[in-house]
Amino acid sequence: MALNVPVFFTRLGSSVVFVAIMLTGLLWNEWSFLALVTLINLLCIREFARLMRNIYQDTRFPLWLTAAFALLSTALLLYASSLWAISNAGQGKPGLFYVYIVMYAHVTFVIFLLPFTPLLLLLAGMMAKPQYHRSVYRGLAGLAYITMPMFFLFCLYKASNYVPLVLLCLIWSNDTMAYLFGSFFGKTPLSSISPKKTWEGTIGGAVITVVAAVAAGYFIPLFHVADWAALALCATIAGTFGDLLESKLKRMAGVKDSGMMMPGHGGALDRFDSLLVATPFAFAYVVYFMHGL
């Protein structure tokens, strides 16, 4: 696969803008990070609903149902994140930030979240349209696929606000190096799901990313060297599976990109597919094995 120079520079330019937005959300404060996570969640839920509409022609996923799941996912994300933040706030009273979030989250949980799914299923039954049942179940699968990793990402931020940044940088490194290695040396297709991906590119990207992470561990004392390496493995192995999963969904839906958010990169799911699968693994490692956290 030859290097497509115009495509590469299009991707590079949009990536610069994208990285600037991401860094603002990651490094400014907790409000900006929660806003960033919530925005990613909503954009991905919207695109997931579009894919479901294309894949399952016998079901219905109208705009109102998409909006309902977007609101539900936001309520779930804020509720779970607030409980985690409060439980890990340490000694003393929690900050005003947590008080506001907990108040909002509990209100949405009581008046919206609890009755939401039963009411949807009841409505679908009353309308005698079983396709709505299937739509609800697939929408709930979207919450597990998208909203749960976003919650874990917020938890990683609470453990250390550098962990999400490092994880994202490692994922971007793996994607970029895999693309370059695949462009120059790629000959063997990795999977029929994504014919453009090659074993040479995948292995080259993973090796460079892990080596770079280990080197960073020696020169940037944020974490132990072993922690850098473990996060790199989450980004390369789980991240690659996340990429393949989203490619499978797009192939089933018959679309090239999940959306048009970024020139050269596609939609939000195209950009965060690796993160959605890598984050739960990174969260499990940080909780159970990470040094000093």
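- In this structure, Cys44 and Ile40 have side chains that are in contact, with non-hydrogen atoms separated by less than 4.5 Å.
- Contact between Val214 and Ala229 at its shortest, heavy atoms only, is CG2-CB, 4.0 Å.
- Under the 4.5 Å side-chain heavy-atom criterion for grouping Ile, Leu, Val, Met, Phe, Trp and Tyr, Phe154 is not connected to Leu42 through any hydrophobic cluster.
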task: Go through Asn161 and Phe33 one step at a time and tell me if the side-chain contact (heavy atoms from CB on, under 4.5 Å) criterion holds.
output: CA-CA 9 Å; Asn161 57 354; Phe33 185 77; over 6 Å; no
message: Run Asp243 and Ser274 through side-chain hydrogen bond (donor to acceptor under 3.5 Å, both in side chains) and show every step you take.
response: CA-CA 5 Å; Asp243 196 343; Ser274 299; 4.6 Å; no
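- Ring planes of Phe48 and Tyr145: tilted class, angle from 30 to 60°.
- Considering all non-hydrogen atoms of both residues, Leu269 and Ser258 come closest at CB-OG, 3.4 Å.
- Using a distance-only test at 3.5 Å, with no hydrogens or angles considered, a donor-acceptor pair links the side chain of Thr209 to the main chain of Asn174.
- Salt bridge annotation for Arg271-Asp175: present, with a cationic side-chain nitrogen under 4.0 angstrom from a carboxylate oxygen.
- No donor-acceptor pair under 3.5 Å is formed between the side chain of Asn54 and the backbone N or O of Leu51.
- Between the side chain of Glu200 and the backbone N or O of Phe181 there is no donor-acceptor pair closer than 3.5 Å.
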query: Should Val166 and Phe223 be marked as a side-chain contact (heavy atoms from CB on, under 4.5 Å) after you check the CA-CA gap, both sets of side-chain angles, and the distance that decides it?
result: CA-CA 10 Å; Val166 168; Phe223 318 122; 3.6 Å; yes
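- A single hydrophobic cluster is seen to contain both Leu222 and Ile171, as judged by linkage of ILVMFWY side chains at heavy-atom distances under 4.5 Å, directly or through other members.
- Here OG of Ser247 is found 8.0 Å from CG of Asp270. Values are rounded to the nearest 0.5 Å.
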message: Using the rule given for side-chain contact (heavy atoms from CB on, under 4.5 Å), can you reason through Lys197 versus Leu244, listing the C-alpha separation, both sets of side-chain angles and the distance that settles it, and then say yes or no?
response: CA-CA 9 Å; Lys197 291 188 180 300; Leu244 291 175; 4.2 Å; yes
message: For Tyr179 and Thr176: C-alpha separation, side-chain torsions, deciding distance, then whether side-chain contact (heavy atoms from CB on, under 4.5 Å) applies.
response: CA-CA 5 Å; Tyr179 176 74; Thr176 303; 5.8 Å; no
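- Across all their heavy atoms, Ala235 and Ala278 have their closest contact at CA-CB, 4.4 Å.
- Applying the salt bridge (Lys or Arg N to Asp or Glu O under 4.0 Å) test to every pair with at least one member in residues 33-43, sequence neighbours left out, gives no pairs at all.
- Between Ala238 and Phe281, the shortest heavy-atom distance links the atoms CB-CD1, 3.7 Å.
- At least one donor-acceptor pair under 3.5 Å links the side chain of Thr202 to the backbone N or O of Thr198.
- The CZ atom of Arg251 lies 12.5 Å from the CD atom of Glu246; values are rounded to the nearest 0.5 Å.
- Between the Thr147 side chain and the Ala144 main chain, no donor and acceptor come within less than 3.5 Å of each other.
- In this structure, CZ in Phe272 is found 11.5 Å from CD1 in Ile146, a value given to the nearest 0.5 Å.
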